[in-house]
Number of protein chains: 2
Amino acid sequence: MPPRTGVTRDRVVEAAVRVADASGAGALTMRALAEALGVAPMSLYHHVPNKEAILDAAVDAVFAEVDLPVVGAPWRAELRRRAASVRAALVRHPWALALMESRRNPGPATLAHHDAVLGTFRAGGFSLAATAHAYALLDAFVYGFALQEATLAFRDSAGGPGPSGAEGRPDVAAAADGLAEVLGGGAYPHLVEFVGQHALQPGYSFAASFEVGLDLVLDGLERLRARGAG
Amino acid sequence: MPPRTGVTRDRVVEAAVRVADASGAGALTMRALAEALGVAPMSLYHHVPNKEAILDAAVDAVFAEVDLPVVGAPWRAELRRRAASVRAALVRHPWALALMESRRNPGPATLAHHDAVLGTFRAGGFSLAATAHAYALLDAFVYGFALQEATLAFRDSAGGPGPSGAEGRPDVAAAADGLAEVLGGGAYPHLVEFVGQHALQPGYSFAASFEVGLDLVLDGLERLRARGAG
DNA sequence: ACCTGAACACCGTTCAAGT
DNA sequence: ACCTGAACACCGTTCAAGT
């Protein structure tokens, strides 16, 4: 599948996101990227300085998908919607989380994102000090939850596109199966209870804890706000 | 520095942690590991099946450093101490967080860790459903906070041991310097305000938000517990 | 049993050369 | 200006060979 037109920086970044979505971060090599674009590996270097720049741009592309909060609108509803949007983006692009940790150059979408969140806190009556604590807590929760979801999910080597609506419940069952042998002895009684009596029960969904946790966090933020500067 | 005695699995894992601490995950190659042990690269494969197994064991070694909660003791104090201990371990071993995301085989220390936390929740009066939500929220916060700290810290390519007491404040200044040019225009006004008026001020410390956030999370867990099963 | 060098199929990237 | 093949210094790992 040769490209209709020449390679561009944007086309390289789009392809990078597509390849990572389909096959994971490990499959995102310059050679694979070039093949996806129907071009020789070295051609990429005419539109991008190196692989790092591609990763920077790919992470920024994920941030560009996030539903920004509206500065001045009721902070709690806005930040609730934004938190769910960040998590959804990270579920769509599980490779992005690990990359974010090593990025040093935030792109325009990333900067606009942080600006909107900070503005929403400030307009909602949070002092600068409270905003710092609140933003740290809120994003620790959002990113940490996404990290746990990524850990539970199985996107080992292969990975394929997979059902896009697979929000429900990762393979807790498979993980538990692998553990069954180890759990044989009397060690880890609470782990056995939890997995057997709860996590493996029909109705269980790890994702359900997101809403519960988010509301508790937002409750905490409201008390932080009411408490004043600090 | 040739080893006094032969290579063992434990010695390989110790060396892996040491190399990653000193030079980052990127420097953790089979060849570098072999050199650190004064042995040929292929010798490692007599004590470990492959690199994946080394990474699994290295992550478990980090969990082994964590101060476990005492099941049956007051849950809030125990889990507070444990949360701080996890964060401290991840500050000592920043490479571990990214690795945890891709590990599929929890080791004995990891299992004992989860067992102790689950037991502490249960003995503290949390229902199984409440325990699931509480554990998800608590660890989302702890891991997410560590993720943000790792993102803020600069441990780019080189890395060296660094001052072990460097808990204080990562290079927010350096990050802001790099941004100064971009922030020139009127875009990102809230980001400019936050960085200029708060994050760059003398007393500021991102780490200080950990205690604040942790207490808000623990308050939330207490309400979750009191609310009952769910 | 433990260790090893050579070799293979990969990486990202430099360089000189093409159009 | 854009693209490219060959080559370099790396990876993890297999294999046959040593002690």
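Chain naming here is simple, since letters A, B, ... match the order of the sequence lines and numbering starts at 1 in each.
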Practice task
Give a yes or no on whether the ring-centroid distance for B/Tyr143 and A/Tyr143 is below 6.0 angstrom.
Solution key: no
Practice task
Step through it carefully: locate the ring centre of A/Phe145, locate the ring centre of A/Phe206, and say whether they are under 6.0 Å apart.
Solution key: yes
Exercise for the section: Let me know which of B/Arg82, B/Arg87, B/Arg92 forms a salt bridge (Lys or Arg N to Asp or Glu O under 4.0 Å) with B/Glu65. Expected result: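 It is B/Arg92, the one option of B/Arg82, B/Arg87, B/Arg92 that forms the salt bridge (Lys or Arg N to Asp or Glu O under 4.0 Å) with B/Glu65.
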Practice task
Could you give me the stems involving DNA chain C, meaning stretches of three or more consecutive Watson-Crick or G-U wobble pairs whose two defining distances are both below 3.5 Å?
Solution key: C:4-8 with D:12-16, C:12-16 with D:4-8
Handout entry: B/Gln197 CD to A/Thr131 OG1 distance, which is reported to the nearest 0.5 Å
Key =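 Rounded to the nearest 0.5 Å, the CD-OG1 separation comes to 12.5 Å.
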Practice task
Considering just the side-chain nitrogens and oxygens of B/His47, establish if one lies under 4.0 Å of OP1 or OP2 belonging to C/dA1.
Solution key: no
Exercise for the section: Give a yes/no on whether any side-chain N or O of B/Ser43 is located under 4.0 angstrom from OP1 or OP2 of C/dC2. Expected result: no
Practice task
Describe, in one word, how the ring planes of B/Phe141 and B/Phe210 are oriented to each other, choosing from parallel (under 30°), tilted (30 to 60°) and perpendicular (over 60°).
Solution key: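 Ring orientation, 0 to 90° scale: parallel.
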Handout entry: Spacing of A/Leu44 atom CG relative to C/dC11 atom P, expressed in whole Å
Key =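 Computing the A/Leu44:CG to C/dC11:P distance gives 13 Å.
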Problem - Rounded distance (Å) that lies between atom C1' of D/dA1 and atom CZ of A/Arg9 - result: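 Whole-Å distance recorded here is 19 Å.
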Exercise for the section: Let me see the working for A/Tyr204 and A/Leu200 under side chain to side chain contact (heavy atoms under 4.5 Å, CB included), right down to the final yes or no. Expected result: CA-CA 7 Å; A/Tyr204 177 75; A/Leu200 244 40; over 6 Å; no
Short N/O separations, protein against nucleotides 12-16 of chain D, under 3.5 angstrom:
from   : atom 1 : to      : atom 2 : distance (Å)
D/dG12 : OP1    : B/Met30 : N      : 3.3
D/dG12 : OP1    : B/Lys51 : NZ     : 2.8
D/dG12 : OP2    : B/Met30 : N      : 3.0
D/dG12 : N7     : B/Arg31 : NH1    : 2.5
D/dG12 : O6     : B/Arg31 : NH2    : 3.0
D/dT13 : OP2    : B/Tyr45 : OH     : 2.8
D/dT13 : OP2    : B/Lys51 : N      : 3.0
D/dT13 : O5'    : B/Tyr45 : OH     : 3.4

Problem - Short side-chain to backbone donor-acceptor contact, B/Asp115 and B/Leu118, under 3.5 Å - result: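 Not at all, since once roles are kept as given, no pair shorter than 3.5 Å links the two residues.
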Problem - Expected output: side-chain A/Arg104 to main-chain B/Thr151 donor-acceptor under 3.5 Å - result: yes
